[in-house]
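Before any comments, here is the structure.
Both backbone and side-chain heavy atoms feed into the values below; hydrogens, waters and symmetry mates do not. In each ligand, atom 1 is the first atom listed, and ligand 1 is the first ligand listed. Bear in mind that the values here come from a model prediction, so they are computed numbers and not experimental data.
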Amino acid sequence: MTETNPTNSSLIEAENRFEMGVYPKRGISLVRGSGSLVYDAEGKEYIDFTSGIGIAVLGHSHPKLAQAISHQASTLLTCNESFANNERARFLTRLAALWQSATSTNGKIFLCNSGTEAIEAAMKLARAKTGRKNFVAAMNAFHGRSMGSLSLTFKPKYRERFEPLIGPIARVRYNDIESLRSAVNNETAAVFLEVIQGEGGIRPATQEYIKAAREICTAAGALLIIDEIQSGVGRTGKFFAFEHYGIAPDACTLAKGLGGGVPIGALIAREDVCAFKPLEHGSTFGGNPLACAAGNAALDVFEQENLLEQAATNGEWLAGRLRALTAKHPSIVEIRGKGLMIGIELKSESKPVLQAAQAKGLLVLSGGDVVVRLLPPLNTPREVYERALGILDAVLP
Ligand SMILES: *Cc1c(COP(=O)(O)O)cnc(C)c1O
């Protein structure tokens, strides 16, 4: 883009002309960000409670992250996994320690570049480990859009024109123990679950459901794989959201917030589950030093700024303030979620609320048709929350 003074509409026009049309645009551009605020090409400021779909956990342009990326860019960008690297070794060590402290088991890690790749790796690992072919996934689940992960994703609109996908997939009702019990058998390689469904509308699993899922999988010899791509990396107040449930999955997937904004994904599995043989899986960019340096910087900031604590306390406080709005806004059905993964379920469509909030300077997401989804940066200050609450109060029906 060489245009000297681009406008929102000139940028959107250019993208719409050359992109494949899979991303409906929201009518503005974003060209700059700082903390929990972003700015469009015309200089208008927005509070960003999307974090680019839960990615910018440290906020935008965090100086420690920017410095780490810049340092690594002038040190070593490329080092494929045939060669060891200092940033990768450190990042793997820290991820394994987080897994160990959450599950009391030793973990092994496969690094990749996105959420869907982490799910693909998990599906392959489950088949390799169990020698079984079948998978179980939940209604309203979202696990990604490549052919394997898409098979697990629920929405028929996302799947139908691309079939046949990977199968067989048994589809179960979420939070329904009997539905799960009757779907899992000695041909099930793995059950994939989000402990809080994200795209599906911020739907938390019950304690009993996740505990039962653990027992059902163990009894059937199937792997329980928790998809933490949206709920992980501190979003709910714990590094892994499954920690709220007191269970240890056999494997979990991470991505979105893991690099603080830089693309990276990971599959972490208990040591004895890791059945891959050399060269059975891989990724050209996986574990690249830039992404690992970003991951390390993000974990540093998590410690320095106490982000798990901030997500837990600010999440609870924000949910409380939103609940206080329900009396004034008859359209609100329910406020739900955990930490800074919050859904506002409405009686009406969420889209007009997204548009009205955007016009007043607040960016939020939808989660399904009737849920407004809030995924703020984990270090958002209280005064920004106050401003956002004022806008939501003004625009919620
Ligand atoms: C976003 C998401 C994915 C897919 O991640 P991509 O990086 O877009 O491939 C998978 N699972 C969950 C729970 C997600 O939120």
>> Contact between M341 and I202 at the side-chain level, heavy atoms closer than 4.5 Å - yes or no?
In response: yes
> Of all the non-hydrogen atoms in the protein, which one sits nearest to atom 9 (O) of ligand 1, and at what distance?
Replying inline: T116 N, 2.8 Å
>> Does this structure show an ion pair linking E19 with K25, if we count only N-O contacts that are shorter than 4.0 Å?
In response: yes
> Short N/O distance, under 3.5 Å, between I229 and ligand 1?
Replying inline: no
> So, are R94 and D300 salt-bridged, with charged N and O less than 4.0 Å apart?
Replying inline: yes
> Going by distance only, is there an N or O of Q230 that falls short of 3.5 Å from an N or O of ligand 1?
Replying inline: yes
> Is R145 close enough and on-axis enough to Y158, meaning under 6.0 Å and within 45°, for cation-pi?
Replying inline: yes
> Are E178 and R173 within salt-bridge range, i.e. N to O under 4.0 Å?
Replying inline: no
> Under 30°, 30 to 60°, or over 60°: which ring-plane class applies to H281 and F110, parallel, tilted or perpendicular?
Replying inline: tilted
> For atom 5 (O) of ligand 1, which protein heavy atom lies nearest, and how many Å away is it?
Replying inline: G115 CA, 3.4 Å
>> Using a 4.0 Å cutoff against the non-hydrogen atoms of H143, which atoms of ligand 1 qualify?
In response: 10 (C), 11 (N)
> What's the shortest distance from atom 11 (N) of ligand 1 to any protein heavy atom, and which residue and atom give it?
Replying inline: D227 OD2, 2.7 Å
>> Checking a contact table here: which protein heavy atom is nearest atom 15 (O) of ligand 1, and how many Å away?
In response: K256 NZ, 2.6 Å
> What part of E194, side chain from CB on, backbone N/CA/C/O, both or neither, has a heavy atom under 4.0 Å from ligand 1?
Replying inline: side chain
